[in-house]
There are 2 protein chains.
Amino acid sequence: MDAPPRWLTPEQQAAWDSFIRMQEKLIGRLSRQVQADSRMSPADYIVLAKLTEAGGRMRLTDLAKLVEWEKSRMSHQVGRMAKRGLVAKEDCPDDGRGAFIVATPAGREAIEEAAPVHVEHVRRLFVDALTPEELDTLARISDRVLAHMEKQHY
Amino acid sequence: MDAPPRWLTPEQQAAWDSFIRMQEKLIGRLSRQVQADSRMSPADYIVLAKLTEAGGRMRLTDLAKLVEWEKSRMSHQVGRMAKRGLVAKEDCPDDGRGAFIVATPAGREAIEEAAPVHVEHVRRLFVDALTPEELDTLARISDRVLAHMEKQHY
DNA sequence: CAGGACTAGTTGACGCGTCAACCACCTCCT
DNA sequence: AGGAGGTGGTTGACGCGTCAACTAGTCCTG
């Protein structure tokens with residue numbers, strides 16, 4: 001151990017910096033603007049979107065798997081959303097532990113109102129910045145990084 | 001108003017999804033692994049890195065500008081770091097409101113220990129996934145998105 | 001059918017980020 | 001000098017994410 005620390009080359013460093021800066025600014029702006037325009041956080045948005053897309057009624061764990069979140073995170077999120085009336089929890093008759101998460105009418109309304117706003121922001125901040133080729137290239141690169149990470153168990 | 005919601009094309013949607021998934025997984029893993037290996041959060045890391053890089057003593061606002069954070073965020077962060085002994089606050093003689101943020105010896109030690117760990121994770125999760133050309137392409141794309149966002153005031 | 005292993009979901013503590021309100025001090029203008 | 005307005009920094013409330021510990025119900029196996 002105590003191997004020589006292998007620093008990044010200037011090009012690698014610069015690429016990492018650019019990526020991080022971009023990603024932070026992009027996500028930050030998108031979050032704030034969606035929140036400001038629709039009274040929904042990005043977390044609310046994705047949960048409600050996936051939930052309604054799947055019929056509006058799902059077990060918590062399934063929902064968590066669908067959006068690739070830990071169940072604890074989903075539980076907290078659903079708790080907050082329930083408090084705001086976007087979803088409701090129902091007991092599961094088949095499994096005494098289980099909980100169904102159900103999109104309320106208010107929740108359905110909220111997502112339908114938020115979706116176009118969300119798309120518009122994504123377009124304006126991100127899609128419009130790039131040519132179709134660049135967009136495609138970025139997708140391929142993203143998939144490569146994803147695949148590379150998925151090979152690592154930890 | 002009530003313009004037709006212009007949805008994304010399937011390619012655009014797919015590109016956005018890939019990017020989002022990648023970015024979330026990457027940042028998530030990096031945060032957790034850096035935190036686990038070095039007892040420092042990414043926020044601690046960047047603040048301490050920039051601070052020591054600049055001599056280890058800086059006004060809060062300048063530090064905030066350096067890392068492109070709001071002063072409130074920096075104030076909270078510095079408060080937490082001070083509680084853990086990584087930095088200290090000193091009054092500024094020239095300006096009664098001012099505060100100097102100073103890296104403590106413990107802080108310097110922490111960053112020196114964390115830096116190689118951090119680099120190693122960045123390399124393993126990200127740099128190693130891509131060829132130098134891809135890395136370069138990604139950097140260019142990131143810069144384009146950044147530049148595009150910077151043209152928008154809001 | 002008893003017990004252990006496993007799974008569903010919750011909870012609490014903590015760090016982090018944002019927003020808005022808020023002092024305290026400084027500057028500048030008259 | 002005095003007051004308006006700007007700046008440096010803090011604070012508190014809230015939403016979010018993680019981790020670890022926990023409850024309670026289910027399943028499996030002897």
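This is a predicted model, so every value here is computed, not measured. Within every chain, numbering begins at 1; the chains are lettered A, B, ... in the order of the sequence lines, protein sequences first and strands thereafter.
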For Asp128(B), does the CG atom have more than 12 heavy-atom neighbours from other residues, nucleotides or ligands under 6.0 Å away?
yes
Between N or O atoms, less than 3.5 Å apart, protein on one side and nucleotides 25-27 of chain D on the other: list the pairs.
unit_1: dG25(D); atom_1: O3'; unit_2: Gly96(A); atom_2: N; d: 3.4
unit_1: dG25(D); atom_1: N2; unit_2: Arg97(A); atom_2: NH1; d: 2.9
unit_1: dT26(D); atom_1: OP1; unit_2: Gly96(A); atom_2: N; d: 2.9

Flag yes if more than 12 heavy atoms outside Glu109(B) fall under 6.0 Å of its CD atom; otherwise flag no.
no
At under 4.0 Å between heavy atoms, what does Ser72(A) touch on the DNA or RNA strands: base, sugar-phosphate, or nothing?
base
Residue mapping more 5' on DNA chain D - nearest nucleotide basis, Pro42(A) or His76(B)
His76(B)
DNA chain C-proximal residues of residues 55-63 of chain A, any heavy atom under 4.0 Å:
Arg59(A), Leu60(A), Thr61(A)
Walking along DNA chain C from 5' to 3', note the first and the last nucleotide with an atom under 4.0 Å from a heavy atom of chain A, and give both.
dT7(C) to dC19(C)
Base, sugar-phosphate, or nothing: which does Lys83(B) touch, judged by heavy atoms less than 4.0 Å apart?
nothing
What is the distance from CD of Glu90(B) to P of dG8(D), rounded to the nearest Å?
19 Å
If I compare all heavy atoms of Leu86(A) with all of Ala110(A), which pair ends up nearest, and what's the gap?
CD2-CB, 3.9 Å
Please tell me if the side chains of Asp143(B) and Met22(A) come closer than 4.5 Å, counting only heavy atoms from C-beta onward.
no
Partners passing ring-ring contact (aromatic ring centres under 6.0 Å, His included) against Phe19(A) (at least two apart in sequence or in another chain)
Phe126(B)
Within the structure shown, what part of the strands sits under 4.0 Å from Ser75(A) by heavy-atom distance: base, sugar-phosphate, or nothing?
base
Could Arg84(A) and Asp44(A) be called an ion pair, given the rule that one side-chain N must be under 4.0 Å from one carboxylate O?
yes
Any carboxylate oxygen within less than 4.0 angstrom of a Lys/Arg side-chain nitrogen, looking at Arg140(B) and Glu134(A)?
no
Residue set satisfying ring-ring contact (aromatic ring centres under 6.0 Å, His included) with Tyr45(B), at least two apart, ordered chain then number -> His118(B)
Partners passing ring-ring contact (aromatic ring centres under 6.0 Å, His included) against His76(A) (at least two apart in sequence or in another chain):
none
Within the structure shown, what part of the strands sits under 4.0 Å from Asp44(B) by heavy-atom distance: base, sugar-phosphate, or nothing?
sugar-phosphate
Contact class for Gln77(B) (heavy atom, under 4.0 Å): base, sugar-phosphate, or nothing?
sugar-phosphate
Are the charged groups of Arg57(A) and Glu90(A) less than 4.0 angstrom apart, N to O?
yes
Side chains of Gln35(B) and Arg32(B): any donor to acceptor distance under 3.5 Å?
no
